[in-house]
Amino acid sequence: MKSIVILISGRGSNLAAIIEAARRESWPARIVAVISSRRTAPGVALAEAAGLPVEILDQADFAERGGQDQALADALARHAPDLVVLAGFMRILPDALVRAFEGRMLNIHPSLLPAFKGLHTHRQALEAGVRVHGATVHFVTPELDHGPIVAQALVPVLPADTAALLEARVLAQEHRLYPRVLRWMLEDRVTLTGGIVRVDASDHDLVLGWPGTLALA
Ligand code: GRF
């Protein structure tokens, strides 16, 4: 049985989607901890309601930033999870920690990387005038929003879109995409060689999101 640690800082809607998929599909895995960098994150209550062990590593509890990083490194070392899942985790992790979990740490970013790194990705997409936007699940590397891409989901950008409308459309796809990628990981279908990801799964040749789900021939 593989083990997963999920890191959050906020709303926790991806966390909820992952918990739900794991139960519905009886994943061969256990979520051994949900770690939040904010005590007041709505995702904390959500994880508790699901009966998961929650650990709070709030900046306010540490005199210096380094203390929070060290506590996180200690927690991950203690759990030694097969997978570390960043789900709206708003801290930049120390390089050494990222390297320690190379190939086992994933993040979801609300854009089609390498476009629109960082924050306010939906506003960035509208300002750039792109017609297609989406979400990316990627391995975490020391460079922010930059690791090898495992899978992406697309959404159209519509003429009447605001950043909020676009965010909602992307988020709905995130909730389909992330659990799917995690299941591939648990089933050992994902290989990372020389910075390029290969996925051995029939549903990898699908373009999620738009229009409907496309099967790639
Ligand atoms: C999502 O848009 C995710 O792509 C980004 O942060 C947001 C987290 O949302 N990394 P939630 O906490 O999962 O609802």
Side-chain angles (χ1 to χ4, degrees), residues 4-24 31 33-50 52 54-59 72 83-93 97-98 101 105-128 130 132-157 161-183 185 208-210:
I4 304 176
V5 169
I6 303 180
L7 307 187
I8 63 165
S9 300
R11 181 175 53 189
S13 70
N14 278 287
L15 169 70
I18 292 164
I19 295 171
E20 156 68 18
R23 296 215 165 132
R24 193 180 55 238
I31 300 171
V34 174
I35 300 178
S36 176
S37 68
R38 276 183 46 225
R39 184 175 308 282
T40 54
V44 168
L46 209 145
E48 282 169 353
L52 296 174
V54 177
E55 295 173 31
I56 310 283
L57 298 179
D58 197 302
Q59 176 64 57
L72 181 59
L83 262 185
V84 179
V85 175
L86 275 51
F89 188 66
M90 298 301 286
R91 307 246 341 146
I92 295 177
L93 297 169
L97 188 54
V98 169
F101 284 91
M105 185 183 276
L106 290 164
N107 182 43
I108 188 158
H109 181 76
S111 78
L112 295 175
L113 290 173
F116 313 136
K117 299 175 181 175
L119 297 173
H120 310 301
T121 55
H122 310 298
R123 200 164 75 204
Q124 291 188 55
L126 289 176
E127 283 170 4
V130 294
V132 182
H133 184 42
T136 302
V137 175
H138 65 94
F139 284 109
V140 178
T141 54
E143 200 173 337
L144 189 66
D145 299 332
H146 198 268
I149 291 170
V150 183
Q152 296 181 305
L154 311 184
V155 305
V157 180
D161 267 344
T162 59
L165 286 171
L166 195 49
E167 176 185 357
R169 194 175 309 121
V170 170
L171 198 60
Q173 295 307 320
E174 292 184 34
H175 298 162
R176 299 174 68 204
L177 183 68
Y178 215 178
R180 187 174 297 199
V181 169
L182 298 182
R183 209 180 61 197
M185 290 293 294
L208 290 184
W210 176 48

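Atoms within a ligand are numbered from 1 in the order they appear, just like the ligands themselves. Start at 1 with the first residue, then count along the sequence. Basis for what follows: all heavy atoms, side chains included, without hydrogens, waters or symmetry-related copies. All of these numbers come straight from a predicted model, not from anything done at the bench.
Between the Thr136 side chain and the His138 main chain, no donor and acceptor come within less than 3.5 Å of each other. Side-chain atoms of Arg39 do not come within 3.5 Å of backbone N or O of Asp58 as any donor-acceptor pair.
Contact check on Glu167 versus Arg11 returns a salt bridge, with a Lys/Arg side-chain nitrogen under 4.0 Å from an Asp/Glu carboxylate oxygen.
The two residues Leu106 and Tyr178 have their closest heavy-atom pair at O-OH, 3.0 Å.
Scored by the ring pair (Phe, Tyr, Trp, His ring centres under 6.0 Å) test, His122 finds His133 as partners (sequence neighbours excluded).
The CG atom of Leu72 sits 5.5 Å away from atom CG of Leu7, with the distance rounded to the nearest 0.5 Å.
Using a heavy-atom distance under 4.0 Å as the criterion, the protein contacts of ligand 1 are Arg11, Gly12, Ser13, Asn14, Gly88, Ile108, His109, Pro110, Glu174.
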